[in-house]
A.B. asks: 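Sending over a structure as structure tokens; questions will come in a sec.
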Amino acid sequence: MASYNHKSIEKKWQKIWEKSEIYRTKDKSKKPKYYQLETFPYPSAAGLHMGHPKGYIAEDIHARFMRMNGKEVLYTMGWDAFGLPTENYAIKVGKSPQEVAKANVKNFKRQVKMFGLSYDWQREINTSESEYYKWTQWIFLELFKSGKAYQKLAKVNWCPKDQTVLANEQIVDGKCERCGAEVVQKEMNQWFFKITDYAERLLSDLKGLDWPEETIKRQEDWVGKSEGAEIEFKINPPLTPSPREGEKETGYGLFRYHTTDPKTWKALQGRVLEMRKQPTDAEEILWQSLRRNLTGFHFRRQHIIGRFIVDFVCFEKSLVVEVDGDIHDFQKGEDEERTKFLKQNGFVVIRFSNAKVLGNVLAVVEEIKKELKSLPFGEGSGGVIKVFTTRPDTLYGATYLVLAPEHKLIQELKPRIKNWGEVENYINSSKKKTELERLKGEKDPTSRKATEGQRKTGIELKGIKAINPATKEEIPVWIADYVLGSYGTGAIMAVPAHDQRDFEFAKKFNLPIRAVIEPITGEERPNEEFRQSVVALVENQKNGKLLSINWGEKLGGNLFVGGGLKDGENPIKCAIREIKEETGYKSLKFISKSEKIHHHYIASSKGGVARNIEAIGLYFKLENEEKTDLKLESDEDGKFKVEWISKKEAQQKVRDELHKYVFEKFILERAYFGRGILANSGNFNGMVSEHAKNKITEFAGGKTKVQYRLRDWSVSRQRYWGVPIPIIYCDKCGVIAVPEKKLPVKLPPLKNYRPKGKPPLAGSEKFMNVKCPKCGGDAERDPETLDTFVDSSWYYLRYADPKNKNEFAKKEKLEYWLPVDLYVIGAEHTTAHLLYARFITKFLHDQGRLNFKEPFLKLRHQGMILGPDGRRMSKRWGNVINPDDVISEYGADTARLYEMFMGPFEQGGPWDNKSIVGIKRFLDRVWGAAHRVEPEEKIHPVRKQEMYHKALKKITEDISAFKFNTAISQLMILMNDLDSEKIYENRFKIFLKLLAPFAPHMTEEIWKGVLNNKTSIHSEIWPKYDVEMLKEKTFELIVQINGKVRDKFEVTKNISQKEAESLTFSREKVKNILGPSQPKKVIFVPNRLINLVV
RNA sequence: GCUGGGGUGGCGAAAUGGCAGACGCGCUAGCCUUAGGAGCUAGUGGGAGAAAUCCCGUGGGAGUUCAACUCUCCCCCCCAGCACCA
């Protein structure tokens, strides 16, 4: 027998398989389809390391298994080749991204192929090739045409190093996911996809998917649904003009942003009714200059950004403006009046003389830039402050409002704010602070926790008040950066008594705290008894310890002093009396009391009676330890111990919910945010909070609202190596889609693709200058490219029909193959990619292009293989295990088996250079056994058969369940058994088929080369196990005495308890242990064990 | 802080509430070999014992059960994600 030369044998079969196309997938097959997908790799310059192929190997095993089980399997490979790292690397080595990407793909492909993966290479795709990105552009335009892709001026995350915008999902700890540079906020005109329209469906459609729970949870968290109410607080004194009937929705912030969306443009025309046709020279110069210097804007000759009108453009001659439905017509020469009017109505107006523009255009641009930056953000006012709350039931406890520092209203209210200087300072400092804060937290992770309470900052808007719609009280309005401008309405009603953050803020700035929810603790039970009582927390002034009564474990452990009110007694008296009676201490100083607490419990010390009490928590300090004589109630005598416990001990030992609440209230100073019964809430007193939510919302004129954390997906990128945005800007026609016939808009090769604050494509006149598809006039292309997540949000559709030139994929093919049956993906992609792909699928479904709503039915994550040192494999650590080396030394089959054997598939762990030899030995033994095969065995020992069918069952089930490690161990057990005696061909063949998906090369070599079969083992049918064979005739009966195993012996299957007992009692061992005594009880588990309880 | 996942021999790990540690690495002894970082055989959780056998053992503590790695409660530690989301 020749030793197994993996190098030549593996290469040989890889060539033969490729030539004979045995892994070619048919589109029209009678077999049931199975679509397996894996994350298509981003081909980096570094090449593959042994961490990468884990998912591929698992999928390959599964694909081979499915084929052997009669499925037509779609299983293929592609390249997510666009993206920043390639571009950056190209810059570094002085080559073009095209060249670099090509070389990377070539290297990746070579390495991937070494593993003998059974891809259908005919279906290979590459996102950076125009045949592919033509359809990425097409999808963009579909979104654009249906209003789901739009532009808006927005604060975006800007990476100063990579010179591009990042999606929220691409920021890790405030830093760029790719390069690690600190991300800053920048305001730009950006393309967005309206993924928020799908928020609800992105949540509800998760039901029924076979995904890891963890991943579902993350998707849910990212969408972040909360149900609550939107409530309006009137500003006092009222603002003019106040909104008219029916205008509430939009206020007068309707046309806040300049946008290139044609629909919005129309609306703008409705407002500004007439405009100059011909620009002056000065206007032309300024216009050109703005275009060049203000990135992110697409300027038109009439330029309005919100309440900002660039005066030079619009109305040298005359201007007709509509404000709140009234038409105002200004004639030439009425400049003064016109400006005054516009300013009064909240427009920002700057005027420049022609001379100034012609003289120093850049200075003018700078001024405009500055003005643009101060543009307000957030919801419009209409004289009210809108807040979103999940707790409308606490409205009566709202003692102040807080706006986010970037709230639009602040600018609007500017003239009335008496302390504007301070406010402005605060706004500016909070803009910078976020970055600084992050840096600080980075260096000292404990500092955050320690300062959590004090770190809230804010400032009151003096001169501004709001009216609480429930209490009609006038309440102060603050701004603070603990309120986010980007969530909800950018404003909150603060209920310090029932929200921890508001509580901390109120404490710090001495704002009123009003409790309106009386807590309910314990489990609700029928009130068999009803009692007023107290819980007294006594703190020893000397050492800060707390007075506790220890009732012992059975009776509820440590509590504080408590008791019921006697007739005519007030709570404080009652508490003092109880403290004296139970502990003897008498030098008590009353500090404060809690609101009423509704508590339900079972009184174990009184014989298990269900009780419903109303308790008051009282907080005392003990001034000295003098005692009176103890007078105990007779039934409590000796049942408890008086103890002084530290606050930390109290936190751990005090279990009872009521007592715990009192502790948290006084010692930890926590706001109560649970459910309860309303108090101090007018007519709503006595209602439970769940019920009060709707009632109070209605009463306050609010409306119930569902709020999501999900933001729209920002897709504009200011870099080169990506899909060009297929949009044309025409001065006349506005924003125009590139006609479908003209797709793809090809990414041109550039001499200089380095970013300089401007997209590289903007530097190519050849690319930029284009005729307007609508009017034929001069126009410009969009110089930006799409986020690469757009490329990967639909690639799984393309695999169904990768060569199609007329559509992104043919409908019949999509309907045959999709949705994806199994998707294996790294756990790191669980938010962004999956969310985007699901969104695109839903969108195309709504367009009637797809007949399914969810793209991925079953999802599994592979755990990450780390370097031998336990760190992520990286050049930086020098711990990269290179597949070329591993395969050269051990061969692909060994590498495959080992990665699967390392541990559970979803779990990661360090690579171990030693353990891999175990697999090598196993395969060597298989090779050896193959050369000792003898003809069919004549006698089939029953036990052998059973063992075989059991193993068969286990391996089949394990592969289906992605438990490759235990499947392999089962294969090893089989091999050990085979090896210990003669190798019979019939059994060995079955074994070989079971091994084939794992070790495709060696099994093929044995199958064809040694056993002389004509066809490939990979086209064989998966062996079936016989259920009858699994039914063993005997089993080993476990004998337990008091739950401990004392004996075991072989008995026939399905014996009765009686038989089992008599056999058991006749055992020597059992007799020895039992002696003359009889067991009290016998537990018999059929076909398993018998337990004698003595 | 919140959420999710974990904690089992020297190591990677197995175990529908029913024999804890399958399988593999490593280690020990023996065989074979000119040689071994090769192969084969046996052993291998800890402790006691010559042995049969016994006791202890799945992060810690309680509980449910005839029986708990597995279920319930509390605590500790590790990993991942989120992080003032009203």
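Naming convention: chains lettered A, B, ... in sequence-line order (proteins, then strands); numbering from 1 in each chain. The structure presented is a predicted model; accordingly, all values stated were derived computationally and were not measured.
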A.B. asks: State whether A:Lys217 and A:Glu213 are salt-bridged, where the test is any N-O pair (Lys NZ or Arg NE/NH1/NH2 against Asp/Glu carboxylate O) under 4.0 Å.
C.D. replies: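 Salt bridge flag = no for A:Glu213 with A:Lys217.
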
A.B. asks: Base, sugar-phosphate, or nothing: which does A:Ser226 touch, judged by heavy atoms less than 4.0 Å apart?
C.D. replies: sugar-phosphate

A.B. asks: Can you tell whether the side chains of A:Glu200 and A:Lys225 come within less than 4.0 Å, N to carboxylate O?
C.D. replies: yes

A.B. asks: Base, sugar-phosphate or nothing for A:Val1082? Non-hydrogen atoms, less than 4.0 Å.
C.D. replies: nothing

A.B. asks: Would you call A:Asp912 and A:Lys914 a salt bridge, using N to O less than 4.0 angstrom?
C.D. replies: no

A.B. asks: Base contacts versus sugar-phosphate-only contacts with protein, heavy atoms under 4.0 Å: please encode nucleotides 12-30 of chain B as B, S and - from 5' to 3'.
C.D. replies: BSS-B-BB--BBSSS----

A.B. asks: Determine the contact category for A:Lys225: base if any of its heavy atoms lies under 4.0 Å from a base atom, sugar-phosphate if only primed atoms, P, OP1 or OP2 are that close, otherwise nothing.
C.D. replies: nothing

A.B. asks: Name the stems with RNA chain B in them: runs of three or more consecutive Watson-Crick or G-U pairs, distances under 3.5 Å?
C.D. replies: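 Stem segments, range with range: B:1-7 with B:76-82, B:10-12 with B:23-25, B:26-31 with B:39-44, B:45-48 with B:53-56, B:59-63 with B:71-75.
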
A.B. asks: Quick test of your reading of the model: are A:Glu214 and A:Arg218 salt-bridged, counting only N-O distances below 4.0 Å?
C.D. replies: yes

A.B. asks: Can you work out whether A:Tyr482 or A:Lys1044 has the more 5'-proximal nearest nucleotide on RNA chain B?
C.D. replies: A:Lys1044

A.B. asks: Could you work out the separation of B:A35 and B:A48 based on their C1' atoms and round it to a whole Å?
C.D. replies: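 To the nearest whole Å, 43 Å.
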
A.B. asks: Identify the residue among A:Phe503, A:Phe505, A:Phe509 that makes a side chain to side chain contact (heavy atoms under 4.5 Å, CB included) with A:Lys507.
C.D. replies: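 Checked A:Phe503, A:Phe505, A:Phe509 against A:Lys507; only one passes side chain to side chain contact (heavy atoms under 4.5 Å, CB included): A:Phe503.
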
